[in-house]
S.K.: 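Okay, here's the structure, questions in a sec.
On a predicted model such as this, the values are computed, not experimentally measured, just so you know.
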Amino acid sequence: MRILVCGGAGYIGSHTCLGLIERGHSVVIADSGVNSSPRVIPRLRRLAGVPIPVHRADLRDRAAMTALFATYRFDAVLHFAALKAVGDSCRRPLDYFDNNISGTIVLLQAMRGAGVRRLVFSSSATVYGEPERVPVREDAGLSVMNPYGRTKLVAEQLIGDLCTADPEFRAANLRYFNPVGAHASGLIGEDPCGEPTNLMPYICQVAVGAREKLRVFGGDYPTVDGTGVRDYIHVVDLARAHVDALEYMVRADASVTVNLGTGRGVSVLELVHAFERASGRRIAYEIVGRRAGDAASVYADPSLAHALFGWRAQFDVDAMCRDAWRWQAMNPEGYRTVARREPASSRGRRARIGGSRAVDVV
Ligand code: NAD
Ligand code: UDP
């Protein structure tokens, strides 16, 4: 299939482009660049070994989206393009509504105009708010904790209404838990702007000395060691889930909403210690007060994805930490880094990089 990947230059989108190409699909990226580096593209092309057309386009730009759908005949769209920082969304909710919701509407209109009726949407476990029980199943109650979460819930609802109105429209809402890790090559990974708000990138920056110490938000939760518990999922497992979901949607001619997590809860301190083992570095930390709005424990019941399309996470927390560390050590300043050697602690465990042709298309 030929797939339009909106937000394909971002963290999860870039890994998913590789996953699609490995399974024989062709990929066109549309990305506004609002949260991605242009440097990801040559690396992606090098890893993929095939041409990847890239269009710098904002989903809200109706003319650009219409032109894109007129240029290519797409079989499906993967929609990663959103702003995603919870705290930022509380400070400027209108920008989040505009980017994430208006962007989704214009995309859906462009798809409709071109007769493209398959969408895979990046949703989030945030749509469950503070879950009443764990592990969280897809039929748990939905609620909104912040403007970012509202954009995900509203987008799922818009997509649901479209499926009702157009019986031929198929959608897969993928509710991610906590994506971490990086591609085994160490060439692509997560590159947050400014001070990271998520746990793994913060740990990575402490490990390379860019931050002094981790602040652990809360040591008095009713969990294994008092720190918050989450379901961390390797981004490469997540990428594979997109391809599995897409192919299932086509094969079964069905829409789905599924959780993507490992089903295993890991505390903040467990992740810190796993990272220390993987990197051989000590992670300085201090336990401080709870972060407002944080739940004690959130992890998935991922059994529906397995029952429907046979997907199950394969990488454990050690692999997530090893790959996150390799990426960080090779790219201490993210995509701004020119070139570093692979860290000694992870050498010899690297997967083979497929292809090595640098292709310039756009
Ligand atoms: P990311 O910021 O790395 O990637 C998003 C990409 O979309 C970026 O390259 C950005 O430039 C682009 N983009 C944003 N708005 C756009 C627009 N209007 N038009 C075109 N391009 C636009 O984020 P990510 O971590 O890869 O997340 C991908 C998706 O997954 C997002 O929708 C996010 O909300 C969702 N998600 C992420 C997480 C997480 O922890 N990373 C968890 C749950 C859900
Ligand atoms: N966390 C922390 N220090 C940080 C960032 C996060 O202790 O600097 C904790 C946070 O309280 C939560 C877990 O790490 O228990 C995961 O937080 P993250 O922001 O990565 O994901 P989310 O809260 O969205 O699940």
S.K.: Can you tell whether the side chains of Arg23 and Glu247 come within less than 4.0 Å, N to carboxylate O?
M.R.: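 Looking at Glu247 together with Arg23, the answer is yes, because their closest N to O distance falls below 4.0 Å.
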S.K.: Is there a side-chain contact between Leu174 and Val120 in this structure, where contact means two heavy atoms from C-beta onward sitting under 4.5 Å apart?
M.R.: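 A side-chain contact under 4.5 Å exists here.
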S.K.: Are Glu190 and His15 close enough, and set up right, to give a side-chain hydrogen bond (donor to acceptor under 3.5 Å, both in side chains), and what steps lead you there?
M.R.: CA-CA 10 Å; Glu190 186 171 14; His15 289 81; over 6 Å; no
S.K.: Taking all non-hydrogen atoms of both residues, which atom of Asn259 and which atom of Ala300 are closest, and how far apart?
M.R.: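 Closest approach of Asn259 to Ala300, heavy atoms only: CB-CB, 4.2 Å.
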S.K.: Any side-chain heavy-atom pair from Arg230 and Val266 closer than 4.5 angstrom?
M.R.: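 They are not in contact (no side-chain heavy atoms under 4.5 Å apart), so the answer is no.
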S.K.: Taking all heavy atoms of Leu142 and all of Arg175, pick out the closest pair and write down the distance.
M.R.: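 Looking at all heavy atoms of both residues, the shortest contact is CD1-NH2, 3.8 Å.
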S.K.: To the nearest 0.5 angstrom, please state how far the CZ atom of Arg46 sits from the CD1 atom of Ile52.
M.R.: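 If I round to the nearest 0.5 Å, the distance is 13.5 Å.
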S.K.: Is it true that Arg215 and Glu286 have a side-chain N and a carboxylate O under 4.0 angstrom from each other?
M.R.: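 Here Arg215 does not pair with Glu286 in a salt bridge, since their nearest N and O are not under 4.0 Å apart.
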S.K.: Show your working on side chain to side chain contact (heavy atoms under 4.5 Å, CB included) between Leu20 and Leu78 and close with a plain yes or no.
M.R.: CA-CA 11 Å; Leu20 287 162; Leu78 266 58; 3.8 Å; yes
S.K.: Answer with yes or no after comparing the ring centroid distance for Tyr11 and His183 against a 6.0 Å cut-off, counting only values under it.
M.R.: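 No, the ring centres sit 6.0 Å or more apart.
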S.K.: Are the side chains of Ile3 and Phe74 in touch, meaning some heavy atoms are under 4.5 Å apart?
M.R.: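 Not touching, per the 4.5 Å side-chain cut-off.
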S.K.: Can you get from Val256 to Val250 by hopping between Ile, Leu, Val, Met, Phe, Trp and Tyr side chains that sit under 4.5 Å apart?
M.R.: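 Val256 clusters together with Val250.
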S.K.: Hey, does the side chain of Arg2 reach the backbone of Tyr72 with a donor-acceptor pair shorter than 3.5 angstrom?
M.R.: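 Checked: no pair found.
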S.K.: So which atom in Val5 and which in Gly13 form the shortest heavy-atom distance, rounded to 0.1 Å?
M.R.: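 Smallest heavy-atom distance, with atoms named: CG1-O, 4.4 Å.
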S.K.: Linking I/L/V/M/F/W/Y whenever any side-chain heavy atoms sit under 4.5 Å apart, do Val127 and Val154 land together?
M.R.: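 No.
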S.K.: Could you please spell out the steps behind the side chain to side chain contact (heavy atoms under 4.5 Å, CB included) verdict for Val40 and Ile188?
M.R.: CA-CA 7 Å; Val40 72; Ile188 58 171; 4.0 Å; yes
S.K.: May I have the list of side-chain donor-acceptor pairs in residues 191-202 shorter than 3.5 Å, sequence neighbours left out?
M.R.:
unit_1 : atom_1 : unit_2 : atom_2 : d
Asp191 : OD2    : Tyr335 : N      : 3.1
Glu195 : OE2    : Tyr202 : OH     : 3.1

S.K.: Is any side-chain heavy atom of Arg170 closer than 4.5 Å to one of Arg117?
M.R.: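 No. Closest side-chain heavy atoms not under 4.5 Å.
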S.K.: Nearest 0.5 Å, please: how far is CZ in Phe315 from CE in Met320?
M.R.: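 If I round to the nearest 0.5 Å, the distance is 9.5 Å.
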S.K.: Count I, L, V, M, F, W, Y as connected when their side-chain heavy atoms are under 4.5 Å apart, and connections chain through other members. Are Val144 and Val298 then in the same cluster?
M.R.: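 They do share one cluster, since a chain of ILVMFWY contacts under 4.5 Å joins Val144 to Val298.
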S.K.: Using 0.5 Å steps for rounding, measure from the CZ atom of Arg133 to the OG atom of Ser297.
M.R.: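 These two atoms lie 14.0 Å from each other.
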S.K.: Once rounded to the nearest 0.5 Å, what's the spacing between atom CG of Leu47 and atom CD of Glu22?
M.R.: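 Leu47 CG to Glu22 CD: 9.5 Å, rounded to 0.5 Å.
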S.K.: Could you tell me whether the side chain of Arg118 reaches within less than 4.5 Å of the side chain of Met249, counting heavy atoms only?
M.R.: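 They are in side-chain contact.
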S.K.: Can you see whether Asn331 engages Arg43 through a side-chain donor-acceptor pair at a distance of less than 3.5 angstrom?
M.R.: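 Distance-only check passes for Asn331 and Arg43.
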S.K.: Evaluate the ring planes of Phe275 and Trp325, with Trp represented by its six-membered ring, and classify them as parallel (under 30°), tilted (30 to 60°) or perpendicular (over 60°).
M.R.: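 Ring orientation, 0 to 90° scale: perpendicular.
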S.K.: Less than 4.5 Å apart, any side-chain heavy atom of His79 and any of Leu59?
M.R.: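 His79 vs Leu59: side chains touch.
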S.K.: Under 3.5 Å, is there a donor-acceptor pair between the side chain of Thr16 and the main chain of Gly19?
M.R.: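 Looks like no, no N/O pair under 3.5 Å.
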S.K.: CZ of Arg56: more than 12 outside heavy atoms within 6.0 angstrom?
M.R.: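 Result for CZ/Arg56: open.
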S.K.: Nearest 0.5 angstrom please: Asp88 CG to Asn35 CG, how far?
M.R.: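 So the CG of Asp88 and the CG of Asn35 are separated by 9.5 Å.
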S.K.: Of all heavy-atom pairs between Ser267 and Asp225, which one has the smallest distance, and what is that distance?
M.R.: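 For Ser267 versus Asp225, the nearest heavy atoms are OG-OD2, 2.7 Å.
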S.K.: Does a side-chain heavy-atom distance below 4.5 Å link Leu158 with Ile101?
M.R.: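 Heavy-atom side-chain distance check passes, below 4.5 Å.
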S.K.: Under 3.5 Å, is there a donor-acceptor pair between the side chain of Lys152 and the main chain of Ser122?
M.R.: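 Present.
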S.K.: Does CZ in Arg251 sit with more than 12 non-hydrogen atoms of other residues, nucleotides or ligands closer than 6.0 Å?
M.R.: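 Yes, the 6.0 Å shell around CZ holds more than 12 heavy atoms from other groups.
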S.K.: Taking atom CZ of Arg112 as the centre, report whether more than 12 heavy atoms of other residues, nucleotides or ligands fall under 6.0 Å from it.
M.R.: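 Check fails, neighbour count at 12 or below.
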S.K.: Heavy atoms only: give me the nearest Thr257-Leu304 pair and the separation to one decimal.
M.R.: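 The pair with the smallest heavy-atom distance is O-CD2, 3.5 Å.
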S.K.: Does atom CD of Glu132 have more than 12 heavy-atom neighbours, drawn from other residues, nucleotides or ligands, at distances under 6.0 Å?
M.R.: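 No, CD of Glu132 has 12 or fewer neighbouring heavy atoms, counting only those of other groups under 6.0 Å.
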S.K.: Can you tell me how far the CD atom of Gln109 sits from the OG1 atom of Thr66, to the nearest 0.5 Å?
M.R.: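 The OG1 atom of Thr66 is 9.0 Å from CD of Gln109, to the nearest 0.5 Å.
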S.K.: Please give me the minimum heavy-atom distance between Cys6 and Leu107, naming the atom from each residue.
M.R.: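 Here Cys6 and Leu107 meet closest at SG-CD1, 3.9 Å.
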S.K.: For residues Pro147 and Cys90, determine if any side-chain heavy atom of one lies less than 4.5 Å from a side-chain heavy atom of the other.
M.R.: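 Result yes, sub-4.5 Å side-chain heavy-atom pair found.
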S.K.: So Asn100 and Leu83, side chain to side chain contact (heavy atoms under 4.5 Å, CB included) or not? Walk me through it.
M.R.: CA-CA 7 Å; Asn100 297 4; Leu83 299 174; 3.9 Å; yes
S.K.: Please assess Arg264 against Tyr232 for the test side-chain hydrogen bond (donor to acceptor under 3.5 Å, both in side chains), listing each intermediate value before the final yes or no.
M.R.: CA-CA 8 Å; Arg264 205 184 142 232; Tyr232 299 94; over 6 Å; no
S.K.: Going through the checks in order, is the side-chain hydrogen bond (donor to acceptor under 3.5 Å, both in side chains) test met by Asp231 and Tyr176?
M.R.: CA-CA 9 Å; Asp231 187 339; Tyr176 313 157; over 6 Å; no
S.K.: Check whether the ring centres of Phe177 and Tyr299 lie less than 6.0 Å apart, and answer yes or no.
M.R.: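 No - the distance between ring centres of Phe177 and Tyr299 does not fall below the 6.0 Å cut-off.
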S.K.: Aromatic contact between Phe121 and His242, with the criterion being ring centroids under 6.0 Å apart: yes or no?
M.R.: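 Distance test on ring centres: not under 6.0 Å, no.
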S.K.: By the definition side chain to side chain contact (heavy atoms under 4.5 Å, CB included), identify the one residue from Leu246, Asn173, Leu162, Ile159 that meets it with Leu119.
M.R.: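 The option that passes is Ile159.
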S.K.: Is a donor on one side and an acceptor on the other found under 3.5 Å between the side chain of Asp301 and the backbone of Pro135?
M.R.: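 No, the answer is negative, given that no donor and acceptor are paired below the 3.5 Å cut-off.
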S.K.: Where do Leu260 and Trp311 land on the side chain to side chain contact (heavy atoms under 4.5 Å, CB included) test, with the steps shown first?
M.R.: CA-CA 9 Å; Leu260 296 176; Trp311 176 85; 3.7 Å; yes
S.K.: Would you please classify the geometry between the Tyr148 ring and the Tyr96 ring as parallel, tilted or perpendicular, with 30° and 60° separating the classes?
M.R.: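 Ring orientation of Tyr96 relative to Tyr148: perpendicular.
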S.K.: Under a 4.0 Å threshold between the charged nitrogen and the carboxylate oxygen, would Asp318 count as salt-bridged to Arg322?
M.R.: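 So Arg322 does not pair with Asp318 through a salt bridge.
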S.K.: Using the six-membered ring of Tyr221, assess whether NZ or CZ of Arg290 lies under 6.0 Å from its centre and within 45 degrees of the ring axis.
M.R.: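 Output yes; distance and angle both within limits.
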S.K.: Looking only at atom types and distance, does a side-chain atom of Asn146 sit under 3.5 Å from a main-chain N or O of Ser89, one as donor and one as acceptor?
M.R.: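 Looks like no, no N/O pair under 3.5 Å.
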S.K.: If you apply the rule side-chain hydrogen bond (donor to acceptor under 3.5 Å, both in side chains), what do you find for Glu156 with Ser123, and how did you get there?
M.R.: CA-CA 7 Å; Glu156 276 200 18; Ser123 189; 2.6 Å; yes
S.K.: Check for a donor-acceptor pair, side chain of Ser32 on one end and backbone N or O of Asp58 on the other, with a separation under 3.5 Å.
M.R.: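 Not at all, since once roles are kept as given, no pair shorter than 3.5 Å links the two residues.
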